[in-house]
Amino acid sequence: MASVEIVAEHERILREIESTDANCIGPTLRSVYDGQEHGLFMEKLDGRIRNHDRDIEKMCNHHFQGFVDSITELLKVRAEAQKLKSQVTDTNQRLQDDGKGLVSCMDDLRRCRLQQRNIATTIDRLTHCLPVLEMYSKLQEQMRLKRYYPALRTLEQLEQTCLPRAGQYRFCSIMAENIPRVRTLIKDTAMSQLRDFLESIRKHSNKIGETAMKQVSAAGDSTAHVQRAAVGRRLRKEAGLGAATEVDGHGSSPVTEQDSGILDVEDDEDDEVPGAQELVDFSPVYCCLHIYTVLGAREEFENYYRKQRRKQARLVLQPHSNMHETLDGYRRFFNQIIGFFVVEDHILHTTQGLVNRAYVEELWELALSKTIAALRTHSVRNTHTHTHTHCNTHTHSEDYRQFSSQFPFQDPDLDKLPFPKKLPFSEFVPKVYCQLKEFIYACLKYSEDLHLSSTEVDDMIRKSTNLLLTRTLSHCLQYAIKKKNVGLAELVQLILNTTHLEASCVYLEGFISNITDVPPDTANTTKLYGTSTFKDARHAAEEEIYTNLNAKIDQFLQLADYDWTAAQGGGAPSDYLSDLIAFLCSTFSVFTHLPGKVAQTACMSACKHLASSLLRLLLQPDVRQVSLGAMQQFNNDVKECERFARTDPVPGFQGDTLLLAFSDLRQLLDLFIQWDWSTYLADYGRPTCRYLRVSPHTALVLLEKMKDTSRKGTMFAQFRKNERDKQKLIDTVVKQLRNLISAHQT
């Protein structure tokens with residue numbers, strides 16, 4: 001039984017060896033050697049090998065004949081393959097020999113086709129390059145002939161049409177690089193010609209004005225309508241149809257004859273008065289206007305022209321110091337003003353938009369104010385006229401809604417009023433507010449690509465806005481306040497505007513917080529300096545009002561012409577003082593729009609300055625004698641000042657507070673007119689003294705002036721009965737005053 005099992009096991013192992021990969025028979029063989037019958041297994045294995053050898057031999061014998069046949073067939077095919085190879089080689093050689101000529105022809109054809117393509121490409125490129133060269137040559141010729149406007153058009157055509165078609169060539173790149181320089185050269189040259197033009201019309205303004213006056217004189221009894229109609233004919237004759245054509249492309253001026261404002265007379269070939277065009281060449285301004293328009297800088301040109309003309313207007317409106325000495329001085333002054341506006345009218349009607357009616361009206365208002373100021377300054381009697389400040393803007397419903405949307409202004413009382421309404425500020429306020437908001441928007445837009453947090457954006461916007469407020473806007477406001485010849489009305493307007501702008505700063509704070517989404521009460525949040533900026537500007541304007549008001553008072557006082565030796569005073573106040581009081585009344589009526597404290601301070605400052613100036617006028621060393629009559633006249637003037645103070649020119653003063661500004665003068669004049677020296681000397685130094693504000697030094701100086709007059713027999717006519725006692729009394733008072741002064745000094 002064991003033998004059968006061993007045989008079966010060996011059989012299994014042999015089958016496993018036959019069916020298993022050689023790499024995996026190790027365990028199988030190990031099991032054989034672990035057993036005790038490996039010799040028997042080896043015999044079994046040898047028998048199995050012999051069986052397989054017999055099977056292999058049988059299979060080879062079975063297929064051997066086929067193998068032999070295949071080899072025989074292969075040997076036969078080799079001979080045929082050699083023969084085919086020889087034929088293919090011969091055929092290929094003949095084909096190569098026959099194709100050499102064809103290949104040569106094809107190479108020639110390829111080269112010809114390439115040459116043709118290169119020639120066509122060259123012709124095409126030259127077709128695009130030649131216009132560029134021709135255009136550039138044309139440009140150089142136009143520049144040489146100083147035909148700058150056509151040159152600019154040529155430059156535009158060269159840049160936009162010719163160069164893009166020409167392609168990328170080095171000479172095209174050089175031309176493209178030169179185009180901005182040529183454009184800048186044209187622009188600078190045109191501006192240089194404009195400056196020459198402005199200088200020319202400045203020099204000829206007197207001649208043009210004189211010519212216009214001659215035209216008016218030659219017009220005789222012609223009506224204003226005939227004069228204006230003649231202007232149109234003369235304007236077209238002077239400017240030429242070409243000037244108007246250059247501007248609007250038509251053969252006539254864009255305005256009617258009635259619209260023209262230049263005075264002219266009917267054409268007279270024998271005695272024709274030259275016009276503006278014959279005195280000044282206007283072509284530079286037309287050329288410069290066209291050039292800047294083409295360059296997209298028309299607004300820049302308009303602003304520059306208007307700015308320069310405003311400067312020239314101020315120069316023209318500045319009278320010479322000796323203008324009042326001769327009639328020719330006045331004539332030249334008025335001729336320059338007329339000449340200036342004749343030129344501006346000419347420009348107004350021969351260009352489209354360079355100057356407009358509002359601009360001319362603005363200059364005209366400036367001319368009126370400056371002319372009135374000049375005539376007032378150089379007049380013997382200074383009659384003051386004060387134009388009420390335009391601090392309120394009349395608005396209708398649409399305008400009012402626009403203002404409300406632009407500026408956070410709320411006034412329930414104003415909302416209830418019917419249209420038109422009057423806003424308590426000028427257009428300056430909403431414009432500044434909108435500019436600040438636009439700047440804040442620009443800062444926000446700038447920060448979008450900086451990858452900042454909301455807090456950082458908020459801080460950046462606030463700091464940038466503070467720089468705008470404290471540097472740019474603050475300097476602009478200070479310049480407007482400190483500029484020469486600034487009017488009181490302008491200062492009042494500026495105070496009103498800055499007051500409302502200061503109140504709007506809280507809305508700017510909220511606006512920044514809304515767009516940055518950062519609450520305003522966040523820790524370390526930068527606060528806007530708008531409140532302090534506008535407050536500082538307002539305080540500077542207030543101080544400037546006080547200074548200007550005092551300067552105006554000084555101008556009136558310069559016209560004072562007292563007769564210090566008059567025997568008797570007049571019953572009415574002096575003319576200069578009446579004019580001064582009228583000026584103060586009209587000025588303080590404007591101040592009603594100001595905050596109460598500012599108006600009261602200005603009024604009190606003006607009254608104190610007037611009182612101290614009058615006292616200095618009375619005590620000045622140049623006045624060596626003062627008669628009783630002169631003292632009475634001076635007293636009439638002080639009474640007029642006191643009457644003005646009692647009228648409460650600015651509301652808010654309690655009782656006679658404003659009257660206290662003249663108390664020093666009043667006590668001094670009462671002392672001398674009532675001749676109450678006994679009371680003064682007896683009560684001096686007491687708190688209840690009637691003449692507490694009169695210092696011994698002031699009294700002594702004035703008494704010395706009256707003493708000198710008394711010695712000449714022109715004073716105290718009512719005391720002639722006892723002239724010696726009177727003189728003795730004066731000497732006694734003078735001695736006592738000197739003793740008081742000495743005692744006070746020690």
Side-chain angles (χ1 to χ4, degrees), residues 126-166 169-204 235-254 274-302 304-305 308-309 343 346-347 349-355:
L126 287 175
T127 302
H128 291 90
C129 290
L130 285 176
V132 175
L133 298 174
E134 292 173 355
M135 195 67 66
Y136 195 78
S137 176
K138 179 181 178 182
L139 174 65
Q140 295 294 331
E141 181 66 15
Q142 290 171 339
M143 292 294 293
R144 185 182 66 82
L145 297 176
K146 298 182 180 180
R147 300 177 63 234
Y148 298 113
Y149 180 67
L152 198 60
R153 290 296 187 185
T154 302
L155 196 66
E156 182 179 3
Q157 186 177 1
L158 179 66
E159 180 181 28
Q160 297 181 0
T161 305
C162 298
L163 284 177
R165 293 178 180 176
Y169 295 103
R170 189 161 181 261
F171 75 92
C172 292
S173 301
I174 295 174
M175 289 182 182
E177 292 174 357
N178 285 334
I179 284 176
R181 288 193 288 269
V182 174
R183 187 175 282 117
T184 302
L185 175 62
I186 293 175
K187 186 178 180 181
D188 293 343
T189 304
M191 182 55 66
S192 176
Q193 292 180 350
L194 177 68
R195 293 191 185 98
D196 294 340
F197 164 79
L198 294 174
E199 180 65 20
S200 175
I201 59 177
R202 186 187 68 80
K203 291 180 179 179
H204 289 83
L235 179 60
R236 286 143 184 79
K237 180 178 179 181
E238 292 172 348
L241 297 181
T245 303
E246 286 183 345
V247 178
D248 56 12
H250 301 284
S252 61
S253 174
Q277 180 69 18
E278 297 169 356
L279 296 174
V280 179
D281 179 16
F282 286 91
S283 60
V285 71
Y286 300 138
C287 180
C288 196
L289 173 61
H290 294 319
I291 289 174
Y292 272 72
T293 301
V294 172
L295 294 176
R298 180 186 176 102
E299 184 177 357
E300 175 188 349
F301 171 74
E302 291 177 358
Y304 177 81
Y305 176 85
Q308 294 302 316
R309 287 298 281 165
V343 170
H346 187 87
I347 295 295
H349 292 90
T350 56
T351 60
Q352 289 183 338
L354 178 55
V355 298

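Crowding of E299 atom CD: a count of heavy atoms from other residues, nucleotides or ligands under 6.0 Å not exceeding 12.
Atoms CZ and CZ, from R309 and R202 in turn, are 11.0 Å apart once rounded to the nearest 0.5 Å. One distance of note links OG1 of T293 with CD of E302; it measures 7.5 Å at 0.5 Å rounding. Atom NE2 of H346 is separated from atom OG1 of T351 by 9.0 Å, given to the nearest 0.5 angstrom. Note: S192 OG to F197 CZ = 14.0 Å, rounded to the nearest 0.5 Å. The distance from atom CD1 of I186 to atom CG of L152, rounded to the nearest 0.5 Å, is 5.0 Å. For the atom pair CG (N178) and CG (L185), the distance works out to 11.0 Å, reported to the nearest 0.5 Å.
The pair E300-K187 meets the salt-bridge criterion, with a side-chain N (NZ, NE, NH1 or NH2) lying under 4.0 Å from an Asp/Glu carboxylate O. Between R144 and E141 there is a salt bridge, with a side-chain nitrogen of the basic residue lying less than 4.0 Å from a carboxylate oxygen of the acidic one.
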Stepwise side-chain hydrogen bond (donor to acceptor under 3.5 Å, both in side chains) test for Y136 and T154: CA-CA 8 Å; Y136 195 78; T154 302; over 6 Å; no
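Using a 4.5 Å heavy-atom threshold, the side chains of V285 and L354 count as touching.
The aromatic rings of F301 and Y292 sit tilted, their planes meeting at an angle between 30° and 60°.
Not a single salt bridge (Lys or Arg N to Asp or Glu O under 4.0 Å) links R170 to another residue, sequence neighbours left out.
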